[in-house]
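Each remark here refers to the structure printed beneath this line.
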Amino acid sequence: MGWFTKLLKGSNRKSSGGRYHGKYEDDRISDNLDCSADDLTDIEKEEIGRAIALSLSEADKKGKKVIEDDSESEDDELCPLSDEEAESVGEVQQDEDDHHATIQQDEDKHLDEVQLEEDEQLARAIQESLSISSPPRSETDSLFQPLAHLFPPVYRICAGCNAEISHGRFLSCMGGYWHPECFCCHACKLPITDYEFSMSGNRRYHKSCYKELRHPRCDVCKNFIPPNSAGLIEYRAHPFWLQKYCPSHERDGTPRCCSCQRLESVDTKYLLLDDGRKLCLECLDLAIMDTHECQPLYVEIQEFYEGLHMKMEQQVLMLLVERQALNEAMEGEKNGHHHLPETRGLCLSEEQNVPTILRRPRIGAGYQLIDMITEPFRLVRRCEVTAILVLYGLPRLLTGSILAHEMMHAWLRLKGYGNLRPEVEEGICQVLAHMWLESEIIPGTGDEGASSSSSSSSSSPSSSSSSKKGKRSDFEKKLGKYFKHQIESDSSAAYGDGFREGNQAVAKYGLRRTLDHIRLTGSFPY
């Protein structure tokens, strides 16, 4: 047993050294644990030989002692001793027995200590083999290799670079494994080292990058739109321009452009008109500012009506006025229907004094109009219509649609249509304003509308306004579409529902037959 103990002790010592200092080639575990005598070194062979010889010598001593004891007993039987000899032999025998007993006790104690040490080493070796993965077999390993790892090897492939993750730190998320440097933000391309990150589809982002990319910003104050009391992102959006803004800007007095209705942002400046309205710079470039400047547009609207075989029999005066003058004239008008809260045009039938704008004002300090010259104008009643008033400072297309609307009021009164319900009169006037906008935005629409609405078989004259339009900017085209959108989406009963009912009748029966039906019945045909 002693030689086996020495072998086991030597195996434990060399195996431990191989476990902690061995060279790892990869993560695989060697399963080849069988060794032959040919693989032993000379030193190990010599050690085994000495262990075997020592074991044999101990066995010979034990056998020899037994044989000697037997031979002595036989001599005792053959040669009886005297009393003195017997007493002397007894004392020697007692001394030998005591000496052998002491030696035996020492040997037993030593063997017990050796066995205890070997048991402890064996227990440590087994414990280490269970808790520490063994290195692969190399040429410098000892005779007995450590026990194989109890778990199978794990191969991890990085989902970013598709390379094997052999050692070191790695991430486990999104159903895969990643090198830390491969787990990057889709926006800034830098590694994501934060504990939390954001996802959009299968794309990952830093939370700050995702907020910058996806969180809506207010187009007015340019800040991130804050969440409401329920933790949700709530904002307002213009139905046509898609301008996003915080709900608080509807209550904090943020100015709107009186033309396009967009809110003034912190990085833009609106022009302040004399009557308190504000105008964005894009609409200002297209605005008509005085009565003289508006006259060519008024002529174009008259020609548009002539193209529809609806020529005005009397010349009606047209004036551009401020908002205060328009509101005062509206209070003095007995007849008519007005689109509150903002009135931008009026067809007058009463005699009044109205101040009109004679000269275009200029822009002064602080984006404010200065040097506006007005002059009172006395309106005298010569027919059912005394004048058409239009609010100044609006873009050409909006001013033209207001003129087309008010001219239809004048045409109805001059043709003796009498008092019509608001839904019918305002509705058919909105239809004419919508038709004029279409003729300005879409080439050829005015001619088609004239020919389809005419009851005469002769071809209608072309609208001369097409030669005066010139090249429009992209913003002016979009602005014209917005004014059309305003008419189409109006929610009021007279202007909104009346337009949709009248437009449907004109599309089905034509403008001339619709007007004849209104004259006879005071309502739209179905």
Report task. Could you grab the distance from atom CG of Leu432 to atom CG of Leu403, nearest 0.5 Å is fine? Result -> 12.5 Å
Query raised in the report: Thr521 side chain to Ser523 main-chain N or O, any donor-acceptor pair under 3.5 Å?
Result: yes
Query - Set of salt bridge (Lys or Arg N to Asp or Glu O under 4.0 Å) partners for Glu293, sequence neighbours left out - result: Arg360
Query raised in the report: Distance from Ile157 atom CD1 to Tyr177 atom OH, nearest 0.5 Å?
Result: 11.0 Å
Query raised in the report: Tell me, do Ile388 and Val390 make a side-chain contact under 4.5 Å, heavy atoms counted?
Result: yes
Query raised in the report: Is a side-chain N or O of Arg236 found less than 3.5 angstrom from the main chain of Pro247, in a donor-acceptor match?
Result: no
Query raised in the report: Which heavy-atom pair separates Gly522 from Leu420 by the least distance, and what is that distance?
Result: CA-CD2, 4.1 Å
Report task. Please confirm whether the backbone N or O of Asp275 pairs with a side-chain atom of Arg323, one donor and one acceptor, at under 3.5 Å? Result -> yes
Query raised in the report: Between Tyr298 and Met407, which heavy-atom pair has the shortest distance, and what is it?
Result: CE1-SD, 3.7 Å
Query raised in the report: Counting N and O atoms only, with roles assigned by atom type, does the side chain of Trp178 sit under 3.5 Å from a partner on the main chain of Cys173, one being a donor and the other an acceptor?
Result: yes
Query raised in the report: Does anything in residues 190-207 pair up under salt bridge (Lys or Arg N to Asp or Glu O under 4.0 Å), and if so which pairs, sequence neighbours excluded?
Result: Glu196-Lys207
Query raised in the report: Mind checking what makes ring pair (Phe, Tyr, Trp, His ring centres under 6.0 Å) contact with Phe197, not counting sequence neighbours?
Result: Phe183
Query raised in the report: What are the two closest heavy atoms between Lys481 and Ile441, and how far apart are they?
Result: N-CD1, 3.6 Å
Report task. Determine yes or no for a side-chain-to-main-chain donor-acceptor pair under 3.5 angstrom, with Trp241 supplying the side chain and Cys260 the backbone. Result -> yes
Query - Check: Tyr305 side chain, Ala404 main-chain N or O, donor-acceptor pair, under 3.5 Å - result: yes
Query raised in the report: Are any side-chain N or O atoms of Gln243 and backbone N or O atoms of Leu263, one a donor and one an acceptor, separated by less than 3.5 Å?
Result: yes
Query - Steps toward side-chain hydrogen bond (donor to acceptor under 3.5 Å, both in side chains) verdict (Gln504, Tyr509) - result: CA-CA 9 Å; Gln504 184 177 0; Tyr509 300 106; over 6 Å; no
Query raised in the report: Could you give the distance from NZ (Lys478) to CG (Leu397), rounded to the nearest 0.5 Å?
Result: 15.0 Å
Report summary line: Rounding to 0.5 Å, atoms CG (Leu348) and CD (Glu406) come to a distance of 9.0 Å
Query raised in the report: So, do Val431 and Phe499 sit near enough that their side-chain heavy atoms are less than 4.5 Å apart?
Result: yes
Report summary line: Across all chains, not counting sequence neighbours, the ring pair (Phe, Tyr, Trp, His ring centres under 6.0 Å) partners of Tyr205 are His186, Tyr210
Query raised in the report: Between Glu440 and Lys477, does at least one N-O distance fall below 4.0 Å, as a salt bridge requires?
Result: no
**Report entry** Minimal non-hydrogen separation, Tyr245 against Glu250, with atom names
**Finding:** OH-OE2, 3.1 Å
Report task. Please name the pair of heavy atoms, one in Ser439 and one in Phe304, separated by the smallest distance, quoted to 0.1 Å. Result -> OG-CE1, 3.9 Å
Query - CG on Leu437 to OG on Ser401, rounded to 0.5 Å - result: 5.0 Å
**Report entry** Under 3.5 Å side-chain donor-acceptor pair for Tyr495 and Glu423
**Finding:** no
Query raised in the report: Thr291 side chain to Leu320 main-chain N or O, any donor-acceptor pair under 3.5 Å?
Result: yes
**Report entry** Intermediate values then yes/no, side-chain hydrogen bond (donor to acceptor under 3.5 Å, both in side chains), Ser349 and Arg413
**Finding:** CA-CA 9 Å; Ser349 300; Arg413 294 178 189 178; 2.5 Å; yes
Query raised in the report: When you check the gap from the basic side-chain N to the acidic O, do Arg262 and Glu264 get nearer than 4.0 Å?
Result: no
Requested in this report: Go through Arg519 and Tyr417 one step at a time and tell me if the side chain to side chain contact (heavy atoms under 4.5 Å, CB included) criterion holds.
Outcome: CA-CA 6 Å; Arg519 180 190 291 273; Tyr417 274 70; 3.3 Å; yes
Please output the side-chain donor-acceptor pairs of residues 215-225 that fall under 3.5 Å, not counting sequence neighbours, one pair per line with the distance.
| residue | atom | partner | partner atom | Å |
| --- | --- | --- | --- | --- |
| His215 | NE2 | Ile225 | O | 2.9 |
| Arg217 | NH1 | Lys222 | O | 2.8 |
| Arg217 | NH2 | Glu212 | OE1 | 3.3 |
| Arg217 | NH2 | Glu212 | OE2 | 3.2 |
| Asp219 | OD2 | Lys244 | N | 2.8 |
| Lys222 | NZ | Asp219 | O | 3.2 |

Query raised in the report: Just how far is it from atom CD1 of Ile487 to atom CD of Glu438, taken to the nearest 0.5 Å?
Result: 9.5 Å
Query - Plane angle bin for His409 and His405 - parallel if under 30°, tilted between 30 and 60°, otherwise perpendicular - result: perpendicular
Query - N/O donor-acceptor pair under 3.5 Å between Ser259 side chain and Leu394 backbone - result: no
Query - Cationic N near anionic O, under 4.0 Å, Arg513 to Asp516 - result: no
Report task. State which residues pass side-chain contact (heavy atoms from CB on, under 4.5 Å) with His485; sequence neighbours excluded, sorted by chain then number. Result -> Pro239, Phe240, Tyr482, Ser489
Requested in this report: Establish, yes or no, whether a centroid distance under 6.0 Å links the rings of Phe170 and His179.
Outcome: no
Report task. State whether Arg500 and Glu488 are salt-bridged, where the test is any N-O pair (Lys NZ or Arg NE/NH1/NH2 against Asp/Glu carboxylate O) under 4.0 Å. Result -> no
Query raised in the report: If every non-hydrogen atom of Gly201 is compared with every non-hydrogen atom of Met199, which pair is closest and at what distance?
Result: O-CE, 3.5 Å
